[in-house]
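Below is one structure; the comments refer to it alone.
The model shown is predicted, which means the values in this text are computed figures rather than measured ones. Note on naming: letters A, B, ... go to the chains in the order of the sequence lines (proteins, then strands), and numbering restarts at 1 for each one.
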There are 2 protein chains.
Amino acid sequence: MLPDQLSNTFAALADPTRRAILARLAMGEASVKELAAPFEMSLPAVSKHLKVLERARLIVRGRSAQWRPCRLEAKPLAEATDWLEHYRLLWEQRFDRLDDYLLELQNNPESRG
Amino acid sequence: MLPDQLSNTFAALADPTRRAILARLAMGEASVKELAAPFEMSLPAVSKHLKVLERARLIVRGRSAQWRPCRLEAKPLAEATDWLEHYRLLWEQRFDRLDDYLLELQNNPESRG
DNA sequence: TAAATATTAAACTAAATGGTTAATTAACCT
DNA sequence: AGGTTAATTAACCATTTAGTTTAATATTTA
């Protein structure tokens, strides 16, 4: 299946290096070298991670002399957050109902059925 | 790198079939066959998706005769949501600051620098 | 023009993913 | 015991992923 935006976003988030890069970019633009600094892996490896983030549209890259500064793109991340938030509500509803049931059971054990 | 919980969670979410399964499970427990029904793929394929969800601890499986009902496990999903929410705040802060700056620039163009 | 810096491309490898079909296990029902 | 239903395992395949090292490209600076 050709992956949709949401799948690409979650796949991009499924790697600690890429999440750290996004966290850094939340502080503002940075060059590839700056982004690579905290990691032990090679520069091409970081470059590949950036390409993954770019293909998933989580970052955009500018150009300034020999640097290619990266900038966060918030929208797809917001969509992923929304998806999770939406289902969070459903799960919590379910747990609320379960809580209600357990509470009712305590107060009125005969209502069980 | 051996993947952490958060990476496993996002990786599990990076597939539309698995997200649909989670959405279904938000409505309540279901058997493998029930979960497989909406999809065109084979049962073993769905079984594998469930194994991915189980390994990522997004679901737990019970046992009842020949059925193995699946149930949603909310906690890791909540952690993923929290991660995104946390950074959502940072991004939005940044955009707020940018808005402020652009607004100030309009009102007082000489403040640029 | 030549050297240095920043970044990507190429070629390779090992492991993981997502799917298939066929066979197997486990529990139920006659 | 034998058949049916539910689900997993096994064996296989193609593609993707995450990393490596080496080489190439682009831009600034001396």
Would you please confirm or rule out a distance under 4.0 Å between OP1 or OP2 of C/dA26 and any side-chain N or O of B/Arg63?
->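 Negative; the distance criterion is not met.
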Any A/Ser42 side-chain nitrogen or oxygen under 4.0 Å from OP1 or OP2 of D/dG19 =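 No, A/Ser42 has no side-chain N/O under 4.0 Å of OP1/OP2 on D/dG19.
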With sequence neighbours left out, what residues match A/Glu85 under salt bridge (charged side-chain N to carboxylate O under 4.0 Å, His left out)?
->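 Testing A/Glu85 for salt bridge (charged side-chain N to carboxylate O under 4.0 Å, His left out), a comparison that skips the adjacent residues, returns A/Arg88.
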Applying salt bridge (charged side-chain N to carboxylate O under 4.0 Å, His left out), name anything that partners A/Glu34, two or more places apart in sequence or on another chain.
->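 So A/Glu34 forms no salt bridge (charged side-chain N to carboxylate O under 4.0 Å, His left out) with any residue.
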Heavy-atom protein contacts under 4.0 Å, nucleotides 3-12 of chain C, coded B base, S sugar-phosphate only, - none | --BSBSB-B-
Evaluate the ring planes of A/Phe10 and B/Phe10, with Trp represented by its six-membered ring, and classify them as parallel (under 30°), tilted (30 to 60°) or perpendicular (over 60°).
->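 Parallel, since the angle between the ring planes stays under 30°.
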Which residue pairs pass the ring-ring contact (aromatic ring centres under 6.0 Å, His included) test when at least one of the two sits in residues 22-73 of chain A, sequence neighbours left out?
->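 Listed once each, the pairs would be none.
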Output all residues satisfying side-chain contact (heavy atoms from CB on, under 4.5 Å) with A/Ala23, sequence neighbours left out; order by chain, then residue number.
->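 Partners of A/Ala23 by the side-chain contact (heavy atoms from CB on, under 4.5 Å) criterion, ordered by chain and then number, come out as B/Tyr87.
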Expressed in angstrom and rounded to an integer, what is the separation of [X] atom [atom1] from [N] atom [atom2]?
| X | N | atom1 | atom2 | answer |
| --- | --- | --- | --- | --- |
| A/Asp15 | C/dA15 | CG | C1' | 14 Å |
| A/Asp4 | C/dG18 | CG | P | 13 Å |
| B/Met41 | C/dG19 | CE | C1' | 8 Å |
| B/Leu53 | C/dG18 | CG | C1' | 13 Å |
| A/Phe10 | D/dT16 | CZ | P | 21 Å |
| B/Arg55 | C/dT17 | CZ | P | 7 Å |

Among D/dT28, D/dA18, C/dA26, find the nucleotide with the atom closest to the side chain of A/Val52.
->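 The answer is D/dA18.
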May I have all residue pairs that pass side-chain hydrogen bond (donor to acceptor under 3.5 Å, both in side chains) and include part of residues 50-65 of chain A, sequence neighbours excluded?
->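 Counting only pairs at least two positions apart or across chains, the side-chain hydrogen bond (donor to acceptor under 3.5 Å, both in side chains) contacts touching residues 50-65 of chain A are A/Glu54-A/Arg61.
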